[in-house]
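Accompanying notes for the structure given below.
We count ligands from 1, going down the list as the structure has it; atoms in each ligand are counted the same way.
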Amino acid sequence: MTAVSSPRSVGVLALQGDFREHREMLDQLGHYSYEIRKPEQLRDLDALIIPGGESTTIARLILSNGFQDPIRDFCASGRPVWGTCAGAILLAKVVDRLDRPGIEVMDISIARNAFGRQVDSFEENLDIKGIEGGPFHAVFIRAPIITEVRPPAGAIARLADGSVVAARQGNLLATSFHPEITGDSRLHSYFLGTGISIQREPRAPLPAGAPPELLPFLDASGRLTAWPTRDKLQRAAISYLAPRFDSGQRYSEREVNTLLDRHHTFNDSALLRRVLFDWGYLDRERDGSRYWRADGPAPARETADA
Ligand code: GLN
């Protein structure tokens, strides 16, 4: 697999379904991938994937987590958005048998579980418009069929019987199969090349000291908006927060919390404080009464003002 010259920040909606497999594929291609669980995390992404899973469950979680309008806005911003299987169902404007609205942005109609129970899954080699290098081995798992494609959407892949299984509409892509599990990364590469005229607002300047991979976790004021699940990003978050403490200064536990509260929004200063200590960024008195930067000079104890 070839590495990309310009890595993208790609979010994978991680409310339910097989988001990990998409992330592995993106990571292999050299992109940054993120599990998106809060609408704020969409802000600085270059692209978004809505994975396969159970479309009714994902639709419910999209609504209860306030994702519907933010994802619609994301689609309207021109950045690439790809729905695979359940994700394709959620992008369609018309869905047969979905009990609540999805994102409803693509001019396609889609039928859920269209191959019937007796054919839960099958595989087929597809010719996909725009994908070079031979047929694409596609895996269908309780897959939907795209029953109607209305301009400006267009079909880009069909089964031998003519059923549409992939469609594209500008920056939006829908596939009824699972391209993340076969080891063929061509569709992921194709997808990340679809954001032809990315009309997004210019990205706000990086907050001082923020590593680029942390951007989806920072708000406009540089505050951490979520605790990342990946170890590498947790490390980045903590080394971003640590310098907010002045070296040589002693902080009470409450002062540590107050300072952390200024730099994060998910209301868990206890977690951040503990990790800063566990990972050796902060030292503390045995009884936890005072904290200080572990990499700075050990501050004098305040016997003078005691
Ligand atoms: N059958 C599922 C649904 O309708 C989709 C299956 C999948 O994403 N693999 O939600």
Side-chain angles (χ1 to χ4, degrees), residues 10-26 33 35-37 47-65 67-68 71-72 75 80-126 128 136-149 153 155-159 161 163-169 172-188 190-191:
V10 187
V12 187
L13 193 67
L15 300 174
Q16 190 264 337
D18 66 338
F19 47 89
R20 284 187 196 87
E21 290 78 359
H22 275 293
R23 289 195 52 205
E24 276 161 27
M25 186 68 93
L26 294 162
S33 71
E35 291 176 16
I36 303 301
R37 295 197 174 81
L48 177 69
I49 293 177
I50 305 177
E54 195 53 46
S55 53
T56 47
T57 305
I58 302 178
R60 179 168 52 76
L61 293 170
I62 282 176
L63 294 174
S64 64
N65 288 280
F67 264 112
Q68 194 187 45
I71 296 180
R72 285 178 176 163
C75 294
V81 178
W82 180 12
T84 59
C85 203
I89 294 170
L90 294 164
L91 290 180
K93 280 191 182 167
V94 180
V95 184
D96 180 31
R97 286 177 293 161
L98 184 66
D99 58 354
R100 67 202 84 207
I103 306 299
E104 301 179 325
V105 284
M106 284 186 80
D107 289 288
I108 56 175
S109 302
I110 201 160
R112 296 181 61 208
N113 302 322
F115 298 95
R117 286 188 181 277
Q118 64 278 32
V119 197
D120 256 2
S121 68
F122 63 96
E123 308 188 5
E124 192 160 324
N125 288 325
L126 301 174
I128 305 177
F136 191 95
H137 187 69
V139 177
F140 295 80
I141 305 167
R142 291 188 302 116
I145 278 185
I146 300 170
T147 50
E148 204 187 319
V149 181
I156 60 168
R158 292 172 192 273
L159 297 177
D161 70 1
S163 311
V164 177
V165 289
R168 175 169 168 193
Q169 179 171 347
L172 309 176
L173 181 63
T175 58
S176 60
F177 49 95
H178 284 264
E180 71 283 9
I181 57 178
T182 45
D184 187 339
S185 62
R186 285 178 293 164
L187 259 174
H188 285 77
Y190 168 83
F191 163 63

| task | Output yes when the distance from some N or O of ligand 1 to some N or O of T84 is under 3.5 Å, and no in every other case. | result | no

| Backbone, side chain, both or neither: what part of I89 comes under 4.0 angstrom of ligand 1, heavy atoms only? | side chain

| message | Checking a contact table here: which protein heavy atom is nearest atom 1 (N) of ligand 1, and how many Å away? | response | N113 OD1, 2.6 Å

| Intermediate values then yes/no, side-chain contact (heavy atoms from CB on, under 4.5 Å), L26 and H188 | CA-CA 7 Å; L26 294 162; H188 285 77; 4.1 Å; yes

| message | Closer than 4.0 angstrom, basic N to acidic O: yes or no for E54 and R142? | response | yes

| said: Against ligand 1, does H178 come closer than 4.0 Å with any heavy atom? | reply: yes

| query | Which atoms of ligand 1 have any heavy atom of G52 under 4.0 Å away? | reply | 8 (O)

| query | Is there a donor-acceptor contact under 3.5 Å from the side chain of N65 to the main chain of F67? | reply | no

| query | Does NZ or CZ of R37 come closer than 6.0 Å to the centre of the six-membered ring of F19, within 45° of the ring's axis? | reply | yes

| request: Provide, to 0.1 Å, the distance between atom 7 (C) of ligand 1 and the closest protein heavy atom, together with that atom's residue and name. | output: C85 SG, 2.7 Å

| task | Please check if any side-chain donor atom of R112 sits under 3.5 Å from a side-chain acceptor atom of S55, or the reverse. | result | yes

| field | For S55, atoms of ligand 1 separated by under 4.0 Å from a heavy atom | value | 3 (C), 4 (O), 10 (O)

| Do R23 and E180 sit within salt-bridge range, that is, some charged N less than 4.0 Å from a carboxylate O? | no

| task | List the closest protein heavy-atom neighbour of atom 4 (O) of ligand 1: residue, atom name, distance to the nearest 0.1 Å. | result | R112 NE, 2.8 Å

| Nearest-contact summary for atom 2 (C) of ligand 1 - protein heavy atom, Å | G53 O, 3.6 Å

| How does E54 reach ligand 1, if at all, at less than 4.0 Å between non-hydrogen atoms: by side chain, backbone, both, or neither? | both

| request: Please report the shortest heavy-atom distance between I146 and A174, naming the atom on each side. | output: CD1-O, 4.3 Å

